[in-house]
Number of protein chains: 2
Amino acid sequence: MNNSAASGAAPAPRGRIRRENETRILEAAERVFAETGLAGATMAQIAQAAGLPKANLHYYFGTKEQLYQAVLTGILELWLDATDMIRPESDPAEAISGYVRAKMRHSRHRPLASKVFANELLSGAPFLTDYLEIDLRKRVEAKSRIIAGWIAEGRMAALDPRHLFFMLWGMTQTYADFAVQIRAVMEVESLSDAAWEEATAEVVAFVLRGCGMSTSAASAAPAGAAR
Amino acid sequence: MNNSAASGAAPAPRGRIRRENETRILEAAERVFAETGLAGATMAQIAQAAGLPKANLHYYFGTKEQLYQAVLTGILELWLDATDMIRPESDPAEAISGYVRAKMRHSRHRPLASKVFANELLSGAPFLTDYLEIDLRKRVEAKSRIIAGWIAEGRMAALDPRHLFFMLWGMTQTYADFAVQIRAVMEVESLSDAAWEEATAEVVAFVLRGCGMSTSAASAAPAGAAR
DNA sequence: GTCTATAATACGATAGAC
DNA sequence: GTCTATCGTATTATAGAC
């Protein structure tokens, strides 16, 4: 149908259409895996969402599981970054509210990534055992020590940092994973810019109070105070 | 295989084995739907989990979608109950911590129900539009007015009650839906009684602080303070 | 009511023409 | 590199013997 690189082998500069097709397939796959998970997704659905024949998916990614792996891997890179603002020298309130903001940004701009991840966890995380038991565990352990240090210094309330992370993940990812529920309760078709900022402000304020850091105005002046 | 009610139509007292088989199938279905959702689950898996031939599932429940509906309906009844402790005359701290405890009990004792629900929301909730847009919305609206009243009386921090609910659901359901992640981070095969109590105490304490009600000892004396 | 055998379809994957 | 046609299998659902 298209004209640019038909009938030959060598693509434009080198592999340009290959990359284009791969990302196109990956995006379509993310969308389909997000809704129905690995087991529920079909290659036909993904092919249709990508606007390509089914055979091309197999040409580029082999099996359905390999395509799924590729999607998951891309998500994990995104996932591990967010904690980087929690450093020993940071101001606790700024670090934690920054982390919450980053997680809310993810929920807003990459909701499908969050949903794929959620589906994978719901099905017992057969493709993520290494990630969970090695990368994530170590990351949480390291960041928990930092937070424990802040607690020991009396700079925030005494709490188990691991449970703090569980709660933060739950609070922020719910805005992506269960968006349909939130939209139904809020009676909107989709959350506006203002609604996202208000949601973020609510979560940040709640978390800071929950961490016992409510007093000093939460750094980046949340806009949702006057309601 | 069994002997009690073979070869005839009329069952023991009346429909006893019918009820037994139905609940047996429903439990098996809940387990399978919890892991892979409606699209990913197969009738063969459910039949094997129930220890019955595939045909019996169709005999009792018709189609896969009807079986799914039956599972979902049972869950919704459970789901709507929990908010009942939030009443105008309640003490705010007791009401909210009671609600959190109830949600944590659900996560602990009915994790599969929570997962089925999560899967349904992830796939866009095609079977729950009425529930979300009518029952849940009204329930949240009613309870939000109560909480807004407490806020107006200065008995808790100023926050949007709807977002409070989103956060509470996220924080508590994560202990069921993403249990595999929590187990990996905590380095345990399964959460012990003590671990569940500590998790609950952490969430309750965090929520009460988040709601600006940290001072007066949170009613049922959490056991996790000395760590 | 129960369960085996099977019909009808959907799915993952590939061969092979272009 | 692309895409149609197709193979083998797995799936939902049912017929029909017991």
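Predicted model only: the values in this text are computed from it and were never measured. By convention in this document, chain letters (A, B, ...) are assigned in the order of the sequence lines, proteins followed by strands, and residues within each chain are numbered from 1.
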Colleague: Could you check whether A/A39 gets within reach of a base, just the sugar-phosphate, or nothing at all, counting any heavy atom under 4.0 Å?
Modeller: nothing

Colleague: Give the rounded distance in Å between these two atoms: CD1 of B/I17 and C1' of C/dC3.
Modeller: 14 Å

Colleague: Salt bridge between B/R137 and B/E141, side-chain N to carboxylate O under 4.0 Å?
Modeller: yes

Colleague: Going by side chain to side chain contact (heavy atoms under 4.5 Å, CB included), A/S97 matches just one of A/V204, A/T200, A/V203, A/V207. Which one?
Modeller: A/V204

Colleague: Which whole-number value in Å describes the distance from B/Q66 CD to D/dT12 P?
Modeller: 14 Å

Colleague: When we call it a touch if two heavy atoms are under 4.0 Å apart, what does A/F61 touch: a base, just sugar-phosphate, or nothing?
Modeller: nothing

Colleague: Take atom NZ of B/K64 and atom P of D/dA10, then tell me their distance rounded to the nearest Å.
Modeller: 16 Å

Colleague: Give the rounded distance in Å between these two atoms: CZ of A/R24 and C1' of D/dT2.
Modeller: 12 Å

Colleague: Going by atom types alone, do B/H106 and B/Y175 pair a side-chain donor with an acceptor below 3.5 Å?
Modeller: no

Colleague: In whole angstroms, how far is the P atom of C/dG1 from the CG atom of B/L57?
Modeller: 15 Å

Colleague: Side chain of B/R18 only, heavy atoms from C-beta on: which candidate in C/dA13, C/dG1, D/dT2 is closest?
Modeller: C/dG1

Colleague: When you measure from every atom of DNA chain C, which of residues 46-56 of chain A have a heavy atom less than 4.0 Å away?
Modeller: A/K54, A/A55

Colleague: Between B/E22 and B/R18, does any NZ, NE, NH1 or NH2 come within less than 4.0 Å of an OD or OE carboxylate oxygen?
Modeller: yes

Colleague: Is there a side-chain contact between A/Y60 and the phosphate of D/dT2, meaning an N or O under 4.0 Å from OP1 or OP2?
Modeller: yes

Colleague: Salt-bridged, A/E35 to A/R31, with N to O below 4.0 Å?
Modeller: no

Colleague: Between C/dG12, D/dT2, C/dG1, spot the one nearest the side chain of B/Y59, thanks.
Modeller: C/dG1

Colleague: Determine: side-chain N/O of B/H58 to OP1/OP2 of D/dT14, distance under 4.0 Å, yes or no.
Modeller: no

Colleague: Taking the side chain as everything from C-beta on, heavy atoms only, tell me whether A/R162 gets closer than 4.5 Å to B/E202.
Modeller: no

Colleague: In whole Å, what is the span from the CE atom of B/M43 to the C1' atom of D/dT14?
Modeller: 12 Å

Colleague: Whole angstroms only, please: what is the CD-P distance between A/E20 and D/dT2?
Modeller: 11 Å

Colleague: Considering only NZ, NE, NH1 and NH2 on the basic side and carboxylate oxygens on the acidic side, decide whether A/E30 and A/R110 come within less than 4.0 Å.
Modeller: yes

